[in-house]
Amino acid sequence: MILPRKFYERDPAIVAKEILGSILVKRDQSILKGKIVETEAYYGLSDPASRAFKGKRDYNKWMWGEAGTLFIYMVHGNWLLNIITEKKDIPSGILIRAVEPIDGIEEMKKRRGVNTKNLTSGPGKLTKAFDITKRHNGTKVYTPASEIFIEKGKMHGEIKTSPRIGVKEDLPHHLRFFIKGNPFVSRQ
DNA sequence: AGGAAGATCTACT
DNA sequence: GTAGATCTTCCTA
């Protein structure tokens, strides 16, 4: 089952938490699959760490788009994968920070050249392993017709929260969510 | 042209 | 665990 568009049309902190355990799928040479184990929520104009904070630009216009579409941008030479949340014209989203590789591990290894443990344990690592770049901006993840979509999965274990990682000016509450003890989480 | 940025890799204490 | 070099776009001038 694929998570419906409605699932994303909510507060990003709720979506970030509830999407843990779901499966990121990409149609490639083979099928690539990874379980989402770490996320962060980002708001719009009220969030200094958000890419939407300084207003609409050509590169970030996707944040004003429909819930359940992709927004990808570059930081320090890494593409970072975000899914847009809330209704159209309300900029917000969640950052996928880490996944646990399930299918297509050999193809991921070819791209990354490292062992399984380090394949997708960080936001820039997973986009390289899955070969996701800005050309995927605007992809709808709630339909199996897309190259990239997200399947509902089983959440097991305990969810932990923390402040966001690497953010200069964070908001006072915890907006990072991860599965406690999962070896693919970038930092416990 | 120069610098910052939601990170990663390597090499250490 | 932390420190420093380096990664590639976009912002500001």
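Please read these numbers as outputs of a predicted model, since none were measured by experiment. So that the names make sense, note that chain A is the first sequence line, chain B the second, and so on, each numbered from 1. Computed over heavy atoms, backbone and side chain alike; hydrogens, waters and symmetry mates excluded.
A straight line from CZ of A:Arg164 to P of B:dA5 spans 14 Å, rounded to a whole angstrom. With rounding to whole Å, A:Phe53 atom CZ is found 15 Å from B:dA4 atom C1'. Rounded to an integer number of Å, the gap from A:Tyr42 OH to B:dA5 C1' is 11 Å. Atom C1' of nucleotide B:dA7 and atom NZ of A:Lys128 are separated by 10 Å, given to the nearest angstrom.
Taking 4.5 Å as the limit, every side-chain heavy atom of A:Asp28 sits out of range of all side-chain heavy atoms of A:Phe130. Residues A:Leu70 and A:Ile148 have side chains in contact (heavy-atom distance under 4.5 Å, counting atoms from C-beta outward). Inter-residue side-chain proximity for A:Leu3 and A:Ser22 is flagged as met; some heavy-atom pair is nearer than 4.5 Å.
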Mind listing the side-chain donor-acceptor pairs of residues 112-119 of chain A below 3.5 Å, one per line with the distance, residues two or more places apart or on another chain?
{"residue": "A:Arg112", "atom": "NE", "partner": "A:Leu119", "partner atom": "O", "Å": "3.0"}
{"residue": "A:Arg112", "atom": "NH2", "partner": "A:Asn118", "partner atom": "O", "Å": "2.9"}
{"residue": "A:Asn115", "atom": "OD1", "partner": "A:Asn118", "partner atom": "N", "Å": "3.3"}
{"residue": "A:Asn115", "atom": "OD1", "partner": "A:Asn118", "partner atom": "ND2", "Å": "3.1"}
{"residue": "A:Thr116", "atom": "OG1", "partner": "A:Lys109", "partner atom": "NZ", "Å": "3.2"}

Check: residues 91-106 of chain A side-chain donor-acceptor pairs under 3.5 Å, at least two apart:
{"residue": "A:Ser92", "atom": "OG", "partner": "A:Thr85", "partner atom": "O", "Å": "3.1"}
{"residue": "A:Ser92", "atom": "OG", "partner": "A:Thr85", "partner atom": "OG1", "Å": "2.7"}
{"residue": "A:Ser92", "atom": "OG", "partner": "A:Glu86", "partner atom": "OE1", "Å": "3.1"}
{"residue": "A:Arg97", "atom": "NE", "partner": "A:Glu38", "partner atom": "OE2", "Å": "2.8"}
{"residue": "A:Arg97", "atom": "NH2", "partner": "A:Ser186", "partner atom": "OG", "Å": "3.3"}
{"residue": "A:Glu100", "atom": "OE1", "partner": "A:Asn182", "partner atom": "ND2", "Å": "2.9"}

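Looking at A:Lys88 and A:Glu66, no side-chain N of the basic residue comes within less than 4.0 Å of a carboxylate O on the acidic one, giving no salt bridge. Comment: A:Glu107 does not engage A:Lys110 in a salt bridge, judged by the lack of any side-chain N to carboxylate O separation of less than 4.0 angstrom.
With hydrophobic clusters built from ILVMFWY side chains whose heavy atoms lie under 4.5 angstrom apart, A:Ile132 shares a cluster with A:Ile83. In the hydrophobic clustering of ILVMFWY residues, with side-chain heavy atoms under 4.5 Å counting as a link, A:Tyr142 and A:Val25 come out apart. Hydrophobic clustering, with ILVMFWY side chains joined whenever heavy atoms are under 4.5 angstrom apart, groups A:Phe177 together with A:Met155. Linking ILVMFWY side-chain heavy atoms closer than 4.5 Å, directly or via other members, places A:Ile84 and A:Leu20 in two distinct hydrophobic clusters. Taking hydrophobic clusters as Ile, Leu, Val, Met, Phe, Trp and Tyr residues chained together by side-chain heavy-atom distances below 4.5 Å, A:Tyr43 does not share a cluster with A:Leu81.
Other residues, nucleotides and ligands contribute over 12 non-hydrogen atoms within 6.0 Å of the CZ atom of A:Arg135.
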Query raised in the report: Can you check salt bridge (charged side-chain N to carboxylate O under 4.0 Å, His left out) on A:Lys33 and A:Glu151, steps first, answer last?
Result: CA-CA 10 Å; A:Lys33 287 192 186 186; A:Glu151 283 176 353; 3.8 Å; yes
Query - Step-by-step salt bridge (charged side-chain N to carboxylate O under 4.0 Å, His left out) determination, A:Arg164 to A:Asp47 - result: CA-CA 12 Å; A:Arg164 294 178 293 190; A:Asp47 182 356; 2.8 Å; yes
Query - Verdict with supporting geometry, A:Asp131 and A:Lys128, salt bridge (charged side-chain N to carboxylate O under 4.0 Å, His left out) - result: CA-CA 5 Å; A:Asp131 186 28; A:Lys128 196 171 284 177; over 6 Å; no
Query raised in the report: Dot-bracket for DNA chain B: what is it, with Watson-Crick or G-U pairs under 3.5 Å, [ ] where a pair crosses earlier ones, and | for a pair to another strand?
Result: |||||.||||||.
Sub-3.5 Å pairs of nitrogen or oxygen atoms, protein against nucleotides 11-13 of chain B:
none

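Remark: nothing in residues 114-127 of chain A comes within less than 4.0 Å of DNA chain C through any heavy atom. Sorted by residue number, the members of residues 84-108 of chain A with any non-hydrogen atom under 4.0 Å from DNA chain B read A:Leu95, A:Arg97. Against DNA chain B, the stretch residues 177-188 of chain A makes no heavy-atom approach under 4.0 Å. Sorted by residue number, the list of members of residues 10-22 of chain A with any non-hydrogen atom under 4.0 Å from DNA chain B is empty.
A:His174 meets the side-chain contact (heavy atoms from CB on, under 4.5 Å) test with A:Thr161, A:Pro163; sequence neighbours excluded. A:Thr39 pairs by the side chain to side chain donor-acceptor pair (under 3.5 Å) definition with nothing, not counting sequence neighbours. A:Lys35 is linked by a side chain to side chain donor-acceptor pair (under 3.5 Å) to A:His156, counting only residues two or more places apart in sequence or in another chain.
A cation-pi contact, defined as under 6.0 Å to the ring centre and within 45° of the axis, links A:Arg10 to A:Phe7.
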Requested in this report: Mark up nucleotides 8-13 of chain C, 5' to 3', with B wherever a protein heavy atom is under 4.0 angstrom from a base atom, S wherever such an atom reaches only the sugar-phosphate, and - elsewhere.
Outcome: BSSS--
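Within the structure, a side-chain polar atom (N or O) of A:Arg112 is placed less than 4.0 Å from OP1 or OP2 of B:dC9.
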